[in-house]
S.K.: 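Sharing a structure here in structure tokens format.
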2 protein chains.
Amino acid sequence: MARGTPVADLTRSIYLLWGHHPKPGRSGLTVPAIVEAGTELADAHGLAAVSMRKVAEHLGVGAMSLYGYVPGKEDLTALMTDAAYGELYDDVTAPTEAGNWREAMRFVARRNWELYERHPWLLEVRSPRPDLGPGVVGKYEAELRPLDGIGLSDVEMDSVLALILGHVADSARTHAQHVRENTGMTDVEWWDTVSPVLDQVMRGENLPVSGRVGATVGTEFQAATDPEHNFTFGLEVILDGVQARLD
Amino acid sequence: MARGTPVADLTRSIYLLWGHHPKPGRSGLTVPAIVEAGTELADAHGLAAVSMRKVAEHLGVGAMSLYGYVPGKEDLTALMTDAAYGELYDDVTAPTEAGNWREAMRFVARRNWELYERHPWLLEVRSPRPDLGPGVVGKYEAELRPLDGIGLSDVEMDSVLALILGHVADSARTHAQHVRENTGMTDVEWWDTVSPVLDQVMRGENLPVSGRVGATVGTEFQAATDPEHNFTFGLEVILDGVQARLD
DNA sequence: CGGCTTACCGTACAGCGTACGTCACACCGT
DNA sequence: ACGGTGTGACGTACGCTGTACGGTAAGCCG
């Protein structure tokens, strides 16, 4: 699928996101099937494992056949991303129904956290612009609603949501890197290896505070850090900060 | 340079980070020179542009010669990362001297923000474990000190710092994607293209809150979002939240 | 049944990280 | 001064990537 002018490409991409895709041909290929295949691969082996060849193979089809349905890898990733975010809430009112704004934001944060656990590759997606598909747009509406009418300006609503979602993504990112034991060794093994070498090599460094804090954190969590603790702690700090702004 | 057991590799990587590298051979190559070349390339063209071939070419040397000094690309990236974070503070006391803990944290956040502006590729680095080199360790000590003795537990100190740094990274990430006009079109061009298509395609969607907020934000910032505003706003919210915890 | 449209895909190219094996340089012992 | 040798440097090659191009063949219509 040849690339054209930037404007034409962009328009095509948006139409694609919003469900304008070609009917299945004689191989039975469809855009949703391609997206699903890509998502399965990404869930299982990370975003780097999603190559056009692998996706095609997974569908029993030649690599180049995909280009009849999807302009390229970038658009495939955008489709996967939007689909993943789209599965977050059954209904646009779900967060609102969780309770007051604080409980709603906890609900939102927890849901996003779980989404990143299910689809860690979402944290690797690096899109130059937001992928404004139906999933993302619906998510934004659902998450913004509980913040409406509690005393924040429109801009503040957007900023608060961005702050919370950013915090979730950041914690989840650390968590995902943390959990990935497949790539090498477990946390404990890693620390057991690193620790003595560090002790030797850092001899003579003057680190009174970080030395103490690092030791405490290590003892507390049996690891260099505990992303899940940081997630819940940070969330409450943020919510307290928002509350302070409301008063 | 052949890879060995995980433990040996890890040990070697840490020694490398802490300055244990081979003396220059007959080509005059050194590890710092390689790291510098990689950093220059990354600053100019992003992390993806840092290939072993390009770095070698930049140094007037064959690609494989680098492997005599650096085990592979992963370690090169780790070295670059640690060096970049190491240039953040002239002295370990710099943040502390900025004033009380709030001012110190604003100083820390701003410095990190500027670092990410200077080296946007830092936001693309995806390391399985923290790269515990001298730069990163010194940074941790410097940033932790202003939080010492203000009424937080050790674990809370670590969590608060992680929260703030995560927020900076997240804002800077959005900012960096935002600024990258080179890859295609400017913000305004993009929105002018996307907006009418979205209007058409979203006809019939029920988006009362996000529609209003999106419009307000767009008018306010002449863009879909303003990362710098989100950065300072979010930071103050977080600081307020921490203050609430201190009371 | 013939012919045309078009979906499909085999091949190819430029790029990547890096394993392997060779070459020539610099140094050292005599 | 010279020969041998250890090793730093690197050319080549492999398997992988995204995707442009052009040929093949399948399905449909007259």
Side-chain angles (χ1 to χ4, degrees), chain A residues 1-5 8-9 12-13 16 21-31 33-34 37-38 41-42 45-80 121 124-128 183, chain B residues 1-5 8-9 12-13 16 21-31 33-34 37-38 41-42 45-80 121 124-128 183:
Chain A
M1 188 59 49
R3 300 250 112 191
T5 68
D9 288 349
R12 186 201 210 287
S13 299
L16 193 57
H21 28 70
K23 297 282 160 214
R26 53 179 189 265
S27 70
L29 263 191
T30 62
V31 168
I34 295 173
L41 281 173
H45 307 107
L47 197 61
V50 181
S51 74
M52 299 304 269
R53 280 170 176 80
K54 295 255 187 66
V55 171
E57 193 181 350
H58 199 266
L59 289 164
V61 128
M64 292 314 291
S65 306
L66 303 181
Y67 287 88
Y69 297 85
V70 162
K73 198 192 179 177
E74 213 165 303
D75 292 74
L76 173 54
T77 310
L79 283 162
M80 288 166 54
W121 52 270
E124 299 175 49
V125 174
R126 203 157 277 291
S127 188
T183 318
Chain B
M1 186 61 51
R3 301 249 115 192
T5 68
D9 288 348
R12 186 204 210 285
S13 298
L16 192 57
H21 26 70
K23 297 284 161 211
R26 51 181 190 264
S27 71
L29 263 191
T30 63
V31 168
I34 295 173
L41 281 173
H45 307 108
L47 198 62
V50 181
S51 72
M52 299 303 270
R53 281 170 175 81
K54 295 257 188 65
V55 172
E57 193 179 352
H58 199 266
L59 289 164
V61 130
M64 294 312 291
S65 304
L66 303 181
Y67 287 88
Y69 296 85
V70 161
K73 198 193 178 177
E74 211 166 304
D75 291 74
L76 173 54
T77 309
L79 283 162
M80 288 165 55
W121 52 269
E124 300 174 47
V125 173
R126 201 157 279 289
S127 189
T183 318

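Letters A, B, ... mirror the listed sequences (proteins, then strands); counts begin at 1.
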S.K.: Could you state the atom-to-atom distance from CG of B:Leu66 to P of C:dC16 in whole Å?
M.R.: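 After rounding, the gap between these two atoms is 13 Å.
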
S.K.: Could you tell me the separation between the NZ atom of A:Lys54 and the NE2 atom of A:His45, rounded to the nearest 0.5 Å?
M.R.: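 Between A:Lys54 NZ and A:His45 NE2, I get 8.5 Å after rounding to 0.5 Å.
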
S.K.: Mind checking the OH-CG spacing from B:Tyr69 to B:Leu79? Nearest 0.5 Å is all I need.
M.R.: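 The OH atom of B:Tyr69 sits 14.5 Å away from the CG atom of B:Leu79.
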
S.K.: Report the distance from atom CG of B:Asp75 to atom CE of B:Met80, rounding to the nearest 0.5 Å.
M.R.: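 Result: 12.5 Å between the selected atoms.
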
S.K.: Once you round it to whole Å, what is the distance between C1' of D:dG11 and CD of B:Glu57?
M.R.: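 Distance, rounded to whole Å: 15 Å.
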
S.K.: To the nearest Å, how far apart are B:Leu59 CG and D:dC10 P?
M.R.: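 Taking CG of B:Leu59 and P of D:dC10, I get 11 Å after rounding.
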
S.K.: Between A:Asp75 (CG) and D:dT19 (C1'), how many Å, whole number?
M.R.: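 Rounding to the nearest Å, CG of A:Asp75 and C1' of D:dT19 are 13 Å apart.
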
S.K.: Rounding to a whole Å, what distance do you find between A:Tyr67:OH and D:dC21:P?
M.R.: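 Those two atoms, OH and P, are 13 Å apart.
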
S.K.: Could you state the interatomic distance from CG (B:Leu41) to CH2 (B:Trp121), rounded to the nearest 0.5 Å?
M.R.: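 So the gap between those two atoms works out to 11.0 Å.
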
S.K.: From CE of B:Met52 over to C1' of C:dG15, roughly how many Å is that when rounded to an integer?
M.R.: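 Rounding to the nearest Å, CE of B:Met52 and C1' of C:dG15 are 15 Å apart.
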
S.K.: Taking only nitrogen or oxygen atoms into account, show me every contact under 3.5 Å that the protein makes with nucleotides 6-13 of chain C, one pair per line with its distance.
M.R.:
| residue | atom | partner | partner atom | Å |
| --- | --- | --- | --- | --- |
| C:dA7 | O4' | A:Arg26 | NH1 | 3.1 |
| C:dA7 | N3 | A:Arg26 | NH2 | 2.5 |
| C:dC8 | OP1 | A:Arg26 | N | 3.3 |
| C:dC8 | OP1 | A:Ser27 | N | 2.8 |
| C:dC8 | OP1 | A:Ser27 | OG | 2.6 |
| C:dC8 | OP2 | A:Tyr69 | OH | 3.0 |
| C:dC9 | OP2 | A:Gly62 | N | 3.1 |
| C:dC9 | OP2 | A:Ser65 | OG | 2.3 |
| C:dA12 | N6 | A:Arg53 | NH2 | 3.3 |

S.K.: Check the phosphate of D:dC16 against A:Lys54, side-chain N and O only, distance under 4.0 Å to OP1 or OP2. Yes or no?
M.R.: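 No, outside the criterion.
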
S.K.: A:Pro71 versus A:Leu16: any side-chain heavy-atom pair under 4.5 Å?
M.R.: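 In contact.
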
S.K.: Can you tell me how far the CG atom of B:Leu59 sits from the OG1 atom of B:Thr30, to the nearest 0.5 Å?
M.R.: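 Result: 8.5 Å between the selected atoms.
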
S.K.: Just how far, in rounded Å, is C1' of D:dT17 from CD of A:Glu74?
M.R.: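 Those two atoms, CD and C1', are 15 Å apart.
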
S.K.: Please state how far atom NZ in B:Lys73 lies from atom P in C:dA19, giving the value in whole angstrom units.
M.R.: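 Computing the B:Lys73:NZ to C:dA19:P distance gives 15 Å.
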
S.K.: Using a heavy-atom cut-off of under 4.0 Å over every strand shown, decide if A:Val50 touches base, sugar-phosphate, or nothing.
M.R.: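 Sugar-phosphate contact only.
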
